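Here the structure is laid out as structure tokens; the discussion comes afterwards.
Since this is a predicted model, take the numbers as computed values, not measurements. Both counts, for ligands and for their atoms, begin at 1 and track the order of listing.
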Amino acid sequence: MKKPRLYSGMQPSADSLQIGNYIGALLQWRQLQTSYDAFFSVVDLHALTQPNNPEELREKTRRTAAQYIAAGIEPSQSTLYVQSHVRAHAELAWVLSTITGYGEAGRMTQFKDKSARYGTDSTSVGLFTYPVLMAADILLYQSDVVPVGDDQKQHVELTRDLAERFNKRFGEAFTVPIPVIQKDTARIYDLQNPTSKMSKSAESDAGVLWMLDDPAKSAKKIMRAVTDNEGVVRFDRENKPGVSNLLTIYAALTGRQIATIEDEYAGRGYGDFKKGLAEVVVAEFEPVRGRALELLDDPAELDRILAANAARADAVADATLADVYEKVGLLRRV
Ligand code: ATP
Ligand code: LTN
């Protein structure tokens, strides 16, 4: 039986991924890749919507791909590739943009937030059409499911609308995808500011646990994480966001229940608890970091893996694009 298709991706917006990307995305991806025909991309075209140093963007793209593999995405099993290597993304995005309403795109909250923050003159058209490119990513591969964070749900809803609209107007070309929203328990917060989401592009890195950081540095950040004065290791997101966040990380990495961890640390202080967590994090990240650095030591080999996977992606994407071009009435080049 054919496996259902799965599509997801991350922007190469930092040298290292952070533990939220690992727990909230990569751990799920790793698990899902066995039951789905999975496509995972490093969405470098999307990353162009932010200012970048060209050499650094290239490096971040390689590093992000290496971390996917190091975290257990198998490039022989899943199709792990760089978005810009597959020309069809930009081409389908153009066609989809012609059936996207101006107002419809303007209602995307991510765009509204960013344009409100920076002003329309500092907000590019690329940022405006970002969700259309994302729709192209997903639809090119006839994806059935798209695991994403809550913030991307609206973009997948737009993708569904565009797929249905196109199918109705021009004939069946696309599978209508279903968003799979990450569980709340997979959401990780900043260690210094435990009510905001941990993020690769956080302003300060004091509260961010990087996958590629020196383990001693990560341990130190955990020891310095913001907690509270109660001194009891207890999950209470509302009143104890710091401790609750540390418990979430602990539980996600060990597969243990939060209640079991609370019991283990009953009557012991935060120092002990943090030390325990630091050991867990370091033990989890050490092999991942080692493997990622090893891959990055041989960029030519990594580039070969990415090229082979891009060829696989090309085959699927080109078939969809050819069908779309035919359906909308573009003259075929003979
Ligand atoms: P940026 O700051 O560049 O937006 P980010 O670290 O917030 O980056 P994204 O690239 O937006 O991460 O997201 C990649 C994947 O990681 C998504 O599936 C997203 O839901 C997940 N993710 C990101 N941050 C967290 C977090 N703090 N907790 C859980 N999942 C997260
Ligand atoms: N916008 C997403 C990244 C992304 C994506 C996709 C996710 C681009 N294309 C296709 C799933 C499917 C983000 O910022 N996390």
Using atom types as modelled and distance alone, determine if a side-chain donor or acceptor of K240 lies under 3.5 Å from a backbone N or O of V232. yes
What part of Q152, side chain from CB on, backbone N/CA/C/O, both or neither, has a heavy atom under 4.0 Å from ligand 1? neither
Lys/Arg N to Asp/Glu carboxylate O, R62 vs D303, below 4.0 Å: yes
Checking a contact table here: which protein heavy atom is nearest atom 30 (N) of ligand 1, and how many Å away? G20 O, 3.1 Å
The one among S13, A47, S201, A25 that brings a heavy atom closest to atom 2 (O) of ligand 1: S201
Please check this pair: side chain of N52 against backbone of A47, looking for a donor-acceptor N/O pair closer than 3.5 Å. yes
Would you say ligand 1 has an N or O under 3.5 Å from any N or O of N21? yes
Angle class for the H89/Y81 ring planes (parallel below 30°, perpendicular above 60°, tilted otherwise)? tilted
Has the side chain of Y68 got a donor or acceptor atom that lies under 3.5 Å from a matching backbone atom of M10? yes
Looking only at side-chain N and O atoms, does E262 offer a donor or acceptor that is under 3.5 Å from a partner on Q257? no
Consider side chain to side chain contact (heavy atoms under 4.5 Å, CB included). Of D151, V145, V146, D150, which one does V148 pass it with? V146
Nitrogen or oxygen of M10 less than 3.5 angstrom from that of ligand 1: no
Without swapping roles, check the side chain of N309 against the backbone of I305 for a donor-acceptor pair under 3.5 Å. yes
Ring centres of F174 and F166 under 6.0 Å apart? yes
May I ask you to decide whether E294 forms a salt bridge with R291, counting only side-chain N to carboxylate O separations under 4.0 Å? yes
For ligand 1, note which part of A14 has a heavy atom under 4.0 Å away: side chain, backbone, both or neither. neither
Is there a protein heavy atom less than 4.0 Å away from atom 11 (O) of ligand 1? no
Apply the side chain to side chain contact (heavy atoms under 4.5 Å, CB included) test between L209 and each candidate in D190, I222, L17; give the one that qualifies. I222
Identify all N/O pairs between ligand 2 and the protein with a separation under 3.5 Å and present them as a table of atom names and distances.
| unit_1 | atom_1 | unit_2 | atom_2 | d |
| --- | --- | --- | --- | --- |
| ligand 2 | 1 (N) | Y130 | OH | 2.7 |
| ligand 2 | 1 (N) | Q152 | OE1 | 2.9 |
| ligand 2 | 9 (N) | D137 | OD2 | 2.7 |
| ligand 2 | 14 (O) | Y130 | OH | 3.0 |

Residue and atom name of the nearest protein heavy atom (relative to atom 17 (C) of ligand 1), distance in Å to one decimal: Q182 NE2, 4.2 Å
Who's the nearest protein heavy-atom neighbour of atom 8 (O) of ligand 1, and how far? K200 NZ, 3.1 Å
Only heavy atoms of G24, strictly under 4.0 Å: list the atoms of ligand 1 that pass. 29 (C), 30 (N)
Tell me, which protein residue and heavy-atom name are nearest atom 24 (N) of ligand 1, and how many Å apart are they? K197 NZ, 3.0 Å
Is the shortest N/O to N/O distance between G9 and ligand 1 below 3.5 Å? no
For the residue pair F285 and Y22, does the interplanar ring angle fall in the parallel (under 30°), tilted (30 to 60°) or perpendicular (over 60°) class? perpendicular
With a cut-off of 4.0 Å, which atoms of ligand 1 are near a heavy atom of M198? 24 (N), 25 (C), 26 (C), 27 (N)
Near-ring test Y102/F128, centroid separation under 6.0 angstrom: yes
Nearest non-hydrogen protein atom to atom 27 (N) of ligand 1, with distance, is I188 O, 2.7 Å
What atoms in ligand 1 come closer than 4.0 Å to a heavy atom of R187? 28 (N), 29 (C)
Which residue holds the protein heavy atom closest to atom 29 (C) of ligand 1, what is that atom called, and what is the gap in Å? A186 O, 3.0 Å
Is a donor from one side chain sitting under 3.5 angstrom from an acceptor on the other, for S204 and Q192? no
